[in-house]
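What follows is one structure encoded as structure tokens, with my remarks underneath.
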Amino acid sequence: VQLQASGGGLVQAGGSPRLSCAASTTIFSFSAMGWYRQAPGKQRELVAIVARGGSTNYADFVKGRFTISRENDKNTVYLQMNSLKPEDTAVYYCNAVLSKIYWGQGTLVTVSS
């Protein structure tokens, strides 16, 4: 299984980019897919998860601002990011849970103030 994350870049505070995570296989088989992030000098942390059935869970610091969704026919999971803040600057990683956990390569989001 390969995961390809894209959509990062330099964004102004308040911006609304959308990250995409394309899987090399059908995502319907995954029990869950998620987005994590790692800021410089910090540990990787959960941002959002979407389960196979569609239920979602968010970190408190993105609730109301970010939305995770999955499009099974495109084998892609998205992270819509709204009202970005400079503290959202990080490398964003997607992952998928099957018999083990798979990680994508990460996409850097830099938020300028």
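Numbers here are sequence positions counted from 1.
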Interatomic distance, SG@Cys21 vs CH2@Trp35, rounded to 0.5 Å, equals 5.0 Å
Would a single hydrophobic cluster contain both Val77 and Val91, if residues Ile, Leu, Val, Met, Phe, Trp and Tyr are joined by side-chain heavy-atom contacts under 4.5 Å?
no
TODO: Check the surroundings of atom CD in Gln105: do more than 12 heavy atoms from other residues, nucleotides or ligands lie under 6.0 Å from it?
DONE: yes
- Query: Backbone N or O of Lys42 within a donor-acceptor pair of the Gln38 side chain at under 3.5 Å?
  - Reply: yes
- Does a side-chain heavy-atom distance below 4.5 Å link Lys85 with Val111? no
Given the options Asp73, Thr76, Asn75, Ile27 meets side chain to side chain contact (heavy atoms under 4.5 Å, CB included) only with Asn75
- Task: Would you confirm whether the ring centroid of Tyr36 sits within less than 6.0 angstrom of the ring centroid of Trp103?
- Result: yes
Heavy-atom closest pair (Thr26 atom, Ser29 atom, distance to 0.1 Å) is O-OG, 3.0 Å
Do Phe61 and Glu87 have side chains that approach each other closer than 4.5 Å (heavy atoms only, starting at C-beta)?
no
The reported gap from OG1 in Thr25 to CG in Leu98 (rounded to nearest 0.5 angstrom) is 8.0 Å
The reported gap from OG in Ser69 to CD in Glu71 (rounded to nearest 0.5 angstrom) is 7.5 Å
ask   = Can you tell if the side chain of Leu79 reaches within under 4.5 Å of the side chain of Val47, non-hydrogen atoms only?
value = yes
| Charged N to carboxylate O below 4.0 Å: is that the case for Asp60 and Lys63? | yes
pair Thr107-Ser6: side-chain heavy atoms closer than 4.5 Å:
no
Subject >> Heavy-atom donor-acceptor pair, Arg52 side chain to Phe28 backbone, under 3.5 Å >> reply: yes
Answer yes or no: is there a donor N or O on one side and an acceptor on the other, between the side chain of Tyr58 and the main chain of Ile68, under 3.5 Å? yes
Would a distance-only check, ignoring hydrogens and angles, find a side-chain to backbone donor-acceptor pair under 3.5 Å from Asn82 to Phe66? no
Practice item. Measure from the side-chain N and O atoms of Arg70 to the backbone N and O of Met33, and report whether any donor-acceptor pair falls under 3.5 Å. Key: no
d(Ile49 CD1, Ser55 OG) to nearest 0.5 Å is 9.5 Å
Kindly determine whether Ser112 and Leu10 satisfy side chain to side chain contact (heavy atoms under 4.5 Å, CB included), including the steps that lead there. CA-CA 7 Å; Ser112 63; Leu10 178 62; 4.2 Å; yes
Using a 4.5 Å cut-off on heavy atoms from C-beta on, say whether the side chain of Asp88 contacts that of Arg65.
yes
Report yes if some heavy atom in the side chain of Thr67 is under 4.5 Å from a heavy atom in the side chain of Tyr78; otherwise report no. no
Would the distance check show the side chain of Ser31 and the main-chain N or O of Val97 forming a donor-acceptor pair, the cut-off being under 3.5 Å?
yes
| message | Determine whether Arg37 and Tyr92 satisfy the following criterion, side-chain hydrogen bond (donor to acceptor under 3.5 Å, both in side chains), listing intermediate values before the conclusion. | response | CA-CA 4 Å; Arg37 72 184 188 185; Tyr92 285 74; 3.0 Å; yes
So, the side chain of Thr89 versus the backbone of Thr110: is there a donor-acceptor pair under 3.5 Å, distance only?
no
